[in-house]
Structure formats: structure tokens, C-alpha cells
Amino acid sequence: MDASDAALVGAARGGRREAYEELIRRYAAKLAAVCGAKLGRRGPVDDMVQEAFLRGYRALGTLTEPEKFGSWLYGIAVRACLDWLKAKERSQVSFDALGAGTAPEGLLASQPRPDSPEDDRHERILGEVHSLPEIYREAVMLFYYKKQSYQEMSAILGITHAAVNARLTKARAMLRERLARVG
Amino acid sequence: MNCAEIEERLNAYADGELSPADRPGVDAHLGSCEECRRTLDAIRAQDLELGAAFAGPRLGSEALAGRVVEAFRGQAARPRARAWPVLAAAAAGFLVAFFLFRRAPDPRADDLARELAALRAGTPPDPPVKGGPPDSLSKEFLEVCSRLERSEKQRQELEARLASLPPLEPVKKPMARLAVATGPVEVRSASMAWGPIEVGGGLEVGMWVRTPGKSKCSFDYNDGTEIRVNENTEIRLERPRAVELVRGEIFTRVAPNPVRFEVRTEQAKVDAPAGTLNVSHSARDVKEAPARLTTVTVLEGSAVVGGRTVPPGFSCPVVDGEVQAPAPAQPPAVLSKWVHEILVLRGADTTELRQRVEDLLTKPGPLPEGEVRSLGDHAAVPLTRYVTSPASKKERERRRAAARILADVASSPSVPDFIALLRDDDPQVRVQAARGLQRLTGQTLGYDEKHWTGYGCVEHGGGADAWGAWLKKNEDTWTLPREKMK
């Protein structure tokens, strides 16, 4: 039987780094979903996931309820994303003002070109998901990145089972409506 | 169940998350309702499509785990490095020197750092230490100097370009944001026609907001004030602490502020320093309302309406401009039950929600089942408290109704409470407790309704003992205290 999160946290605190590596494997996809929802398609999701795990490791001694590792780490990931977004907001200047030859790299990067009509449809779907309001986007991404149960989503987001159902229901209805308009 | 109730359950049904207790009702309805079957088909088709669309990101995120583990192995032992670059040349120079030398700790590094600092300051360096650095170290020293010069040049260029930029406009924080909405919400301004606003969208002074159809929504102001807007309502945000209610109904939790909060209709002005108000207004041209009617109910704090102070727990109507005498108001849970949908959507297990259920439970007469059920699992704690209270045993039918609702709405943390109720004196309460356990755990442990209604079951223990043993065995999953679910 797999060790519980609490057991792994205890082992990691005791110096067993491989225990924390197991926690990384368990939560990387979930954090990718959460950070993707917060940052959008062009955000540094991988970097923020890594940053969240590192911050979590450094702060592991402060976690008072090891069984709540998932939702605690979710909070850390959210804060890391908000820190990045705030720093990005402060450092932005208009591109024209930077002068010739200084177009920022990456910002004009195009999405991978779809190879088929199916890929094109998937691109549109992901685009519409990313344009959903944040709480709905987050619910859809958490559900589909790792096919989590409502119970797991409830624990990581700190909301009730009913709220998970309400958000997914609303998110899917909005997607159906928007995709029907797009065609 | 009607179609609206089925539709609320269809996503959970398609995801395999519907409670066993709800399933027969949904199955039966789907058997006879083509429209709901079509909706279910659409949800299932969409689920497949979303699963396929997310296949790439899902694979990517699985590979990400491996990369993060590698990075963790590399970084967990090292000192923390800053994620973003530092622009100041003095610090950049120091970092260049530090980065070059830290890999090979050398007591002469301190001497070199001092010489670099002296170069930057334009003062002559100290005489070399007797014995001096060997030639190889001098080469490194020169390399550091030339890198420092290049970074200094880059710094000056960047500073010149930054200085030539026009000043940035400060990022303006909106006055309020749309927190949740149950349907479409529209806004307009003096320069913009009606258009949709998404959750998270900002609102500024002077904007109008309306909730078409059956939509309801909630706004959070920067000062902590919250305004909940009922369906078919239109408001205007006149000033940071002033709202015009054009028509419809709002519920507002006013944060304390030196500036009093004002709600104005075409015929009345309400102001309050802080507290909780419910204000509704209908104009004369509405068919059902022969007169203009504004009703102000104060739930917490106090408010002044047309010069008249309205204390908490009182409603004050204004009819065709005439302020009437305040009268005792209904409990908040009854008066403003329309906000329940908003509260559940916000997802927080709040004191307000529990208080609303308490209010509904204390309302005389039959238990208002619809209103209590609309609060879902948020009703579980007050309902449990009620069912287990000695006083409730005098109200047998209300108590049974409460147990029935609890069996339908409670979530996992209620499992120990249900097991305790298996020893209740009332067989109907025992039956509901068993039904709740079956819904949550999927199990009956072999004990059917006949067992729970039998007089022997309490005396001999039987099923209750079995469930007690089951709970002990499954403690990790089923004994998470409700407080820790927050």
C-alpha cells in the first residue's frame, strides 16, 4: 500500500529526500494544472511548479498538518504564481518605447501549429478553457490534468464536494456554449 | 426530481461521482426525459473531447515530475539562488566575482574582492600582499575586470534607455471585482453599451450592472464590502461607498469605514456606517406592484432611512415616497434565501451559512426543506446539532425531516455522526442515518431497513456495533474532522 502524504512528509523532514521526491511525483501534474490555470498558456508553468516544490521543501518544518500537504502546497503554488505575476506587472514597459531590435523574445512566439483538424479543435478547446474565469478554469484543469476525483479536488482546493460539482458543471456549460459559437 | 434538479446532477453522474442515493432518481428521470438524455450525451461527448484535448498537457505534466525531481536533487543541497536578475552594476560586479570564485574557495578571493571594489570606487588599490597573486590568478583578475567593464557599459546603456522612456501610468486597481455569478452578468458605462463581465472582472465608479434572467452574482469591494445581486436587478455604482438600486434586490455586507455606505432608490435613501442590509425596490410600472415600493431590512448594525433609524432585525418599507414604521423582519435565512446559491458557489464553509441553517431550523412550523436543502453540505453541522439535541426529540416530524435532509446532503465528515445516530431511539432517524452511510460509503454492511426499524436493533447493538468496528478500521479515510476540511 502506498505511503500516505503525512508519512512521506515525516520521512522528508527526517532527511529522507527520496520521500519528498515521491511527493513531487504525486503532485507535479496537479500543480501544473493549478499554475497553468493561474498563469495562462504563456506563463512559466514548469518554473513555477519547480519553485513551489522548492519553497515547500524549505518550509516543510512549518507544516502543522502533514496530512494536508496537498492543499498546503497548492497555497504555496498560488502564491508563487501571484509573486511572478506581480513582478511581471512591475517590470512591463511598452514595446515601442524599448526601441528597434528589442522586441522581447517569446512574447510573439506562436502556438505549435496544429497538424490536423483534430489538433485544431483541441487547440480551440484549450484556448477556450484558458479564457474561462479563473475558478472554473482551475476546476477543469485540475480534473483533466490528472483525472482526479471530486474528493481529491475538494481536499486540494479546500472547498466542498458540492462546490466542486457546481464549478465543473458551470465550467462545462460555459465551454459548450462558447465552442458552439466558435463552431 | 424535475429537469433543473437532474441537470445539477448530470455532471456528477457522468463523472461517476453521483451519490448512490441519487442515482435511482436520475436513472428513472433519464428513462423518460429525452431532453435530459440529450444533455447527458452532450456532457459525455464533451468529457471525451476535453480528455483528448488535455492528453498533451497531461503527458507534459507527467514528464514535468521527472524534471522537477532532477532539479530538486540538484538544488536542494545548494544555497538559494535568486530567480530574477539584479540590475545594479555594483551588485552585478560583486556577483560576477563571487560566482567566479565561489566554486574554488580561495583565501585570496577576499583580497581580489577588495581590489575590485577599489577599482569601482576609483581609488587606488592597496599594495599587493607580499608574495602577491601568481600569474594565473592575475589572469583571472584581469578577466573579472574586463567583465566588470562590459557589465558596467551595459548598465549605463540600459539606464539611459530607461531614463528616456515615458513615465508608466500607475496600474489602477478596480473599485470592485465580480467574485461569483450563477449566470451572465452585464455592465455598461457612460461610454460603453451593455456587455458581459466575467468573474474576476473589475468595476469602476459610474458603471451600471444588471443580472438578466435568473442570474445572481456577488461583488467584492476593495474595502471589504460585499454586494450580492439578485436576479432581474440593475444597480449603478455611483461612488466608492454609494450604490443606486434602479430595480430589483441587493444584499450588502458593509465594511466599517469613516464614510457611510449609501443605497439610493428613486424614492428613498438608506445610509449605514457598517452592517448587513437587504434592500429591494420595485417601480410603479411593474404589473404586480401598484405602488413604488422600497423595502430596507437591517440584519446587522443599523441604518437610517429618510431620517428614521432602523434597528437590526427590522424592515422599513417606503411606499410612494412615504417612509413607513419599521416592523420586525423575517430571519435572514428566510428573507434572503436567494443568496444561498451564491454562498454555496463561493465554496467556503462560512459562519453565515451555518447561521442561516440555524435560522431555518428555529423557524416555527414545518421544516422548510427546500431552503435547507439548497445549502447542501453546509447545512450538515447545524442539522446534526439539531438532530442530536434533546429538545428536538419533542418535535418528532421536524427531527425526522432534518435526519432525512442530512442523509441526502451531508458529506464525508458526517460519517461518524451517522454511525452515532444508528443508536437513536427513533427508528426513522436510524433508517435515515443508515441511508446516509450507504450514500457516502456505498455500503450497508448487510443491514437493511428492516433491521434499523426493528426494536431489537438498539437493544442488541448488531448493526451499530458493526459500523463502529468498521469506522475504527477505516479511521484514516472517514474521521477527518470537519474543521480541518477548511
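Everything numeric in this text was worked out from a predicted model, so none of it was measured. In what follows, chains are A, B, ... by sequence order, proteins preceding strands, each numbered from 1.
A salt bridge does not link R23(B) with E17(B): none of the charged nitrogens is closer than 4.0 Å to a carboxylate oxygen. In this structure, D408(B) does not pair ionically with R439(B), as no charged nitrogen and carboxylate oxygen lie closer than 4.0 Å.
In terms of heavy-atom pairs under 4.5 angstrom with chain B, the leader among L157(A), N165(A), L168(A) is N165(A). In terms of heavy-atom pairs under 4.5 Å with chain A, the best-connected choice from V68(B), N11(B), V180(B) is N11(B).
Neither the backbone nor the side chain of V45(A) comes within contact range of chain B, judged by heavy atoms closer than 4.5 Å. F53(A) touches chain B through its side chain: at least one heavy atom from C-beta onward sits under 4.5 Å away, while N, CA, C and O do not. Of the two parts of D47(B), the backbone and the side chain both hold a non-hydrogen atom closer than 4.5 Å to a non-hydrogen atom of chain A. For L175(A), the parts sitting under 4.5 Å from any heavy atom of chain B are the backbone and the side chain alike. Residue A55(B): no heavy atom, backbone or side chain, is found under 4.5 Å from chain A.
Between K38(A) and R137(A) there is no side-chain heavy-atom pair separated by less than 4.5 Å. Two residues are said to be in side-chain contact when any heavy atoms from C-beta on lie closer than 4.5 Å; E7(B) and C36(B) fail this criterion.
Side-chain rings of F69(A) and Y27(A) approach one another, their centers coming within less than 6.0 Å.
The aromatic rings of Y20(A) and F72(B) sit tilted relative to each other, their planes meeting at an angle between 30° and 60°.
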